[in-house]
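Numbers for residues simply follow the sequence, beginning at 1.
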Amino acid sequence: MDPASTPLGKLLLDEITPVVMVLSTPLVEEACLKNGLSLVEMLSPFCVFNNIDVPVRTASDQPYRIQKFKLRLFYASDIRHPNLEVAKERLKQVITRAGEKDDLYSEPPQTSNLLSSSESEIQPSWFEFFNKELVRTMSFSDHEAFDHPVACLLVVSSKDEQPINRFVDLFNTNKLPSLLNDGAMDPKILKHYLLVHDYQDSDQEKAAKILTDMRSTFGLHDCQLLCINSSDHEMVERQDNPWAPYKSGDSPSQRLGCFLNVDDYNEIKDLLQDLSSKHIIPYMEQKIRALNQEVSATRKGFRNQIKNLWWRKGKEDVADSPAGPMYTFSSIESQIRVLGDYAFMLRDYELALSNYRLISTDYKLDKAWKRYAGIQEMMGLTFFMLDQSRKEAEYCMENAFNTYLKIGSSGQQNATRCGLWWVEMLKARDQHKDAAVVYFRICDEEPLHSAVMLEQASYCYLLSKPPMLRKFGFHLVLSGDQYKKSDQIKHAIRTYRTAVSVFEGTTWGHIKDHVHFHIGEWYAILGMYELAVKHMLEVLACTHQSKTMQELFLKDFLETVQKTGKTFEVLKLQLPKLNISSLKVAFEDHRTYASPVAASVRECLWRSLEEDMIPSLPTARTNWLELQSKLVSKYRESNVCVVGEAVKVDIEFKNPLQIPISISSVSLLCDLSAISDELNSDALSSTVGPQNDDGSSNLTTNRDMSSENFSFSSSEVDFSLGGGETTLVQLMVTPKVEGILQISGVRWKLSGSVVGLHKFDSNMKKITKGRRKAKPPCDNLKFIVIKSLPKLEGSIHSLPEKAYAGDLRHLMLALRNPSEFTVQNLKMKISHPRFLNIGSHGNLKTEFPSCLEKKMASEQSGVHANSNNLSQTVFLFPKETLIQGEMPLLWPLWLRAAVPGHISLYISVYYEMGDISSVMRYRTLRMHYNLQVLPSLDVSFQVSPCPSRLQEFLVRMDVINRTSSESFHVHQLSAVGHQWEISLLQPVEAIFPSESLMAGQALTCFFRLKSCRKSLTSTDKVSTLSPLLGSDVSLRPEGSNEPLFDISCSPLADFHLCERLHQKMSHQGDPNAVDFILISQPLKDNITPGIADPPHLFSHHACHCSTSSTSPISWLVDGPRTLFHDFSTSLREINLKMVIYNSSEAVASICINTFDSTSTSGHLSEGTADLSTYPSGDQTGWHDASVVNNIKVTSDVHVGAQVGKSLSLESVPPFIWSGASSTRVQLEPMSATEIPLQICVFSPGIYDLSNYVLQWSLLSSDDSGNQEGKSQHSGTCQGYPYYLSVLQSA
């Protein structure tokens, strides 16, 4: 790396160069001003020599050549330490002018682009100029020699009177700078005399004569003539004007250098080159050699160093002084400093460094801290230019910087200059991170100065390897704040805009909000309100901010909008937030809805319900329009809506803030285009399809919400959202004409000031009522609008939201058709016929519940259970049913709350258009109701066979009132079926002492159930299709005249048939099963308001209660229990009979084997052998019963266990069976038979007649005549105890 080619090297070669003091007369300045320039400005462009090629020999004998050289020209009045306040004002103007050039409307730079650019491309161009100006504020310090004039240029005009005397007067001490008068510098400097001649004022001969006099007075080589303004009043035009960079302030109206022609241009150039190469450089060489000899004689060598240290001994005890001791130009310290600075300016860096080192210790010992810091500063720069010891260079700069700061306020400016050079040194070595730290240290209390330094530090962090983006953005923000404090708002905006791209896409929400909010605030100050609003929009949805900050952001935003005086339309306004995933669109095509609740039901559920009602349509007509195929192909993916029927869009709005906001005029953005006339005409089936774009006309676009719109109307919604509140808003658009409707977005107003627009993205739309066939999402909000159609409106009167289980209600379905066209061919289907039953039109005006009361035979209405309703899932209204106009169609419905829980009832009504020209053949009305069923009475039944009688059963009913506050009257219990008779076992007063069942009360009661069936008939086998005849028992107190309810009539019979289907049990289909219906009524005084309104009737159904025992064969031995006989005359024959009943549905083969008591053991063995010949199958037997009860019940104990039991008692005298020992019979299903038995008793006693075995088997119906091996079930039953007492008669 060549140090001279680095930015710092160029800066040093530009700033640390010889200074020439200029003294001129007013006439000289007057001649120069004709060109719009002062004398110094006219000469300055020619003081820079890029190839001067001058040999130089300083202290060494080895010469070297200088290629680049520069002179700095200053008027004597300007050679003084600049005024600090004036310097600051000049720097402020530099920054202000730079800010005026910033384009605040352009897009801010992106971080990716900054990272790929060089330093010169990303940094503002005025940084370099600002840094130079900042360095120049420390010019002409008394402790530094490189700003002291090396030579003096005395300039007199040829028009001046007595020019020689003028030259003498110019170098008067009163006009010389303070550096010369105060003794800080040697007044004996090189003097060069220049005579300026203006061609426009006088001839050249006078000038030549004056020049001769000058040379004779001041010397031949120190005098020169300069002729200017040679263009003879013709202005010279130059494309590249060399004086433009040197002209300070506003440019004059005339062009710079307009009277200087090429000859003048070359003459000035030659003058200054001659001055540099033949006068100034040789003078400096000579000065260096002289000073070097003097320094070598007094300071160099061991002896001189010891002497110097001894002389300075004791100065350590001197108190520190900010200014330090004074040094005149003649002191050895000042001479060494001049020697070093001259050597530095002539590129002899080794000589300069040796002298800086020599004097550094002296200043330190003398505690001349400012001079010491200056020497350290120059040592660091010398090390850099020598490209040696980076560590030493940085140490010297660090030491100088800290020493300047140690001095205090007087050294602050020097510290700034040192820091800037140090920064450039670090940047030249790619130490950008360290350079940023130095920039930060340079910052002082002055905001503008700090702002520029912080901004430059930020770019150093960006240029670091790797880039430190977070620090880059952070320092930009700090810089912007300082710019704002200095009223440099444009610079503040520029730095903040650059920081935006750094924080974009990060989670640093607070700093992002800070940046955007203040950019908007500052734009508003400048009157750039549109840009202000743009940035303030970014902070509206600042959920992470405190409530106070949110209020501040919103308040300032709204104030800024009001200042603009117009309404802003903002696409995707963040306040409030729209939950697009919640977007639901409800529309009605052939499917219409009685309520919004019905529209929210899943489409698949409605499809399954309506599957049997809707006729099949051609698959090509997927949009249900009877249009020409070309129209179908063009719009088949669109939805269909009807003129005059609203399309509803539900969308969720959320307030992300903690503060309330006001939203108004929320509406849909829509476009409605008309289909071409050919397609709207009656010839819809013609071959003419949609034409090109000329075939459709754009009727309107809903842009102005307050404007009248002929083609469609849309709703507007106003609402307020509290902090964090979310609300679902339903928006509607109702087309008024046929065409193509497109819903494109939502529009709203925030606080009445800002219009928010949100366009629906095509891939985010969700339609709740889509077609069977999936459609592309881009057309989900596009609708074909067809002409007006009839639309049914439906409701169910008096349908409660809550009811108790078993509650039976009489409801009314009302259907209205507001259209002038009729609808016909109505059908209806209900999802839960167990809960909702369609009544007969004859029940329309009946009174409930009196219409269900049992009537005399002559009064029977004949309204029995409608078995067709159960088998036919779709209810067909009468053919003549038409609905038109305001007259509603009323139809009775029956509601029964079957089971507790939350029940959703779905009803669909199908109807066809009476107008055959309609493009839609039919429509459906969908109704949905929710019903909450609360527990009421919990009823259960247990049926047991009667122990002493066949075909009689004991029924146990358990009832529990599960409600918390309701009481019920139990009205009646019915056994369903004509073969059953039910009766009470005890008085009603004993069952219900309080005549009601209180809340939480449990009750158990018993009934006698008798089967009247003799044999199974074909009617019994299809009993589910027969009217529900049965037996009823009243549970009301004796003397009550309340009539019973007829369970065989609708709706009780219909609901019971539904219950039989739903109460599926293992006994389902068993002909011996019995169904019960318990009917109750609530106490009228205890009805809870809102749950059920009178009149009330409750029915509880228990189905498939089995009456069968474990064996299908039951029997009963009947005969005398006690006899008297005189055994002295003869034995006694006693006749008995056995009644056998087959309760199965198959033919039973039964065999009875008896065993005599005299050979008990033998008969038992024989019986055992006989039993083994029968198949084991499902064998069952009978349990033993006590003598007292004579109860016969079945058991699962196998016959082998029973055979081992004793069949006789030792106290019983022998008896014998005098009839047949084995009897076999075949018994038809559900029938009974009697078998005669006879025993012969020889003596009195108590006899157990259980020594017999009954063997049975069930045969298949097709093999009833075959008794061998065709049975499906079989079993063996031991005879049960039958005790006969035979007493001796008197």
Side-chain angles (χ1 to χ4, degrees), residues 586 588-615 768-770 772 792-815 825-840 865-877 889-911 922-934 1050-1064 1099 1101 1103:
E588 295 178 323
D589 43 18
H590 68 286
R591 303 157 295 185
T592 64
Y593 303 92
S595 64
V597 179
S600 64
V601 177
R602 289 179 299 172
E603 177 66 19
C604 59
L605 198 152
W606 290 118
R607 289 178 184 171
S608 61
L609 181 65
E610 298 168 352
E611 190 172 2
D612 299 334
M613 285 198 308
I614 297 178
T768 60
K769 302 301 154 200
R772 294 175 183 262
L792 280 186
E793 298 174 355
S795 63
I796 299 178
H797 297 169
S798 303
L799 180 64
E801 294 182 359
K802 293 182 180 180
Y804 284 112
D807 192 2
L808 185 64
R809 298 287 190 95
H810 184 239
L811 308 178
M812 194 66 64
L813 170 66
L815 298 176
N825 297 335
L826 278 74
K827 308 175 189 178
M828 182 165 61
K829 187 174 180 181
I830 298 174
S831 61
H832 293 79
R834 188 184 183 189
F835 288 81
L836 198 62
N837 186 265
I838 303 173
S840 169
N866 189 357
S867 59
N868 291 332
N869 275 357
L870 193 63
S871 59
Q872 297 177 0
T873 58
V874 178
F875 175 77
L876 303 178
F877 286 85
L889 171 66
L890 301 179
W891 201 271
L893 298 177
W894 296 99
L895 171 71
R896 179 180 174 272
V899 290
H902 291 271
I903 309 301
S904 294
L905 300 175
Y906 306 100
I907 305 103
S908 180
V909 178
Y910 168 92
Y911 56 97
Y922 70 88
R923 303 187 86 174
T924 57
L925 172 62
R926 296 170 171 179
M927 294 184 286
H928 174 223
Y929 295 93
N930 289 314
L931 176 65
Q932 182 182 2
V933 182
L934 305 176
S1050 180
L1052 286 174
D1054 295 332
F1055 282 124
H1056 185 75
L1057 293 176
C1058 292
E1059 288 298 322
R1060 286 186 59 85
L1061 294 177
H1062 284 85
Q1063 295 184 22
K1064 296 180 179 179
S1099 66
H1101 302 251
C1103 304

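- Atom CG of Asn837 is separated from atom OG of Ser1050 by 5.5 Å, given to the nearest 0.5 angstrom.
- Side-chain contact between Ile907 and Ile796: present, with at least one pair of heavy atoms (C-beta onward) separated by less than 4.5 Å.
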Candidate pair Met927 and Val909, rule side chain to side chain contact (heavy atoms under 4.5 Å, CB included), full reasoning: CA-CA 8 Å; Met927 294 184 286; Val909 178; 4.1 Å; yes
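- No donor-acceptor distance shorter than 3.5 angstrom exists from the side chain of Tyr804 to the backbone of Val933, with no hydrogens or angles considered.
- Remark: Tyr929 pairs with no residue by the ring-ring contact (aromatic ring centres under 6.0 Å, His included) rule, at least two apart or across chains.
- Proximity of a side-chain donor or acceptor of Trp891 to a complementary backbone N or O of Ala814 within less than 3.5 Å is not detected.
- Side-chain contact check for Leu893 versus Met812: every heavy-atom pair is 4.5 Å or farther apart.
- Judged as a salt bridge (charged side-chain N to carboxylate O under 4.0 Å, His left out), and not counting sequence neighbours, the contacts of Glu588 are Lys791.
- The six-membered or imidazole ring of His590 lies near that of Tyr922, with a centre-to-centre distance under 6.0 Å.
- Residues His928 and Ser904 form a side-chain contact, since some pair of their non-hydrogen atoms from C-beta on lies under 4.5 Å apart.
- By the salt bridge (charged side-chain N to carboxylate O under 4.0 Å, His left out) test, Lys829 pairs with Asp612, sequence neighbours left out.
- Side-chain contact, Thr592 with Arg926: no donor N or O sits under 3.5 Å from an acceptor N or O.
- At least one side-chain heavy atom of Leu925 sits under 4.5 Å from a side-chain heavy atom of Tyr911.
- Taking CG from Leu836 and CZ from Arg809, the interatomic distance works out to 12.5 Å, rounded to the nearest 0.5 Å.
- Put simply, the side chain of His1062 never gets that close to the backbone of Arg834: no donor and acceptor are under 3.5 Å apart.
- What you find for Ala803 and Ala897 is that their closest heavy atoms are CB-CB, 4.3 Å.
- Note that the CD1 atom of Ile838 and the CZ atom of Phe875 stand 5.5 Å from one another [nearest 0.5 Å].
- Nearest approach of Leu808 to Arg896, heavy atoms of both residues: CD1-CB, 3.9 Å.
- Screening Cys1103, Ser1099, Pro1051 against His1056 for a side chain to side chain contact (heavy atoms under 4.5 Å, CB included) leaves a single residue, Cys1103.
- Side-chain contact between Leu815 and Leu813 is present, with heavy atoms from C-beta onward closer than 4.5 Å.
- Annotation: side chain of Leu895 is in contact with side chain of Pro800 (closest heavy-atom distance under 4.5 Å).
- The two residues Glu1059 and Ala898 make their nearest non-hydrogen contact at OE2-CB, 3.5 Å.
- Proximity of a side-chain donor or acceptor of Arg923 to a complementary backbone N or O of Asp589 within less than 3.5 Å is detected.
- Atom CH2 of residue Trp606 and atom OG of residue Ser831 lie 7.5 Å apart, to the nearest 0.5 angstrom.
- Salt bridge Arg607/Glu611: absent, no basic N to carboxylate O contact under 4.0 Å.
- A donor-acceptor contact shorter than 3.5 Å is absent between the side chain of Gln932 and the backbone of Lys802.
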Worked check of side chain to side chain contact (heavy atoms under 4.5 Å, CB included) between Arg591 and Glu603: CA-CA 10 Å; Arg591 303 157 295 185; Glu603 177 66 19; 3.2 Å; yes
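- Looking at Asn930 and His902, their side chains never come closer than 4.5 Å, going by heavy atoms from C-beta outward.
- Under the 4.0 Å criterion applied to side-chain N and carboxylate O atoms, Lys827 and Glu610 are not assigned as salt-bridge partners.
- Relative orientation of the Trp894 and His810 rings is tilted, given thresholds of 30° and 60° on the angle between their planes.
- Residues Tyr910 and Leu826 form no side-chain contact, since every pair of their non-hydrogen atoms from C-beta on lies 4.5 Å or further apart.
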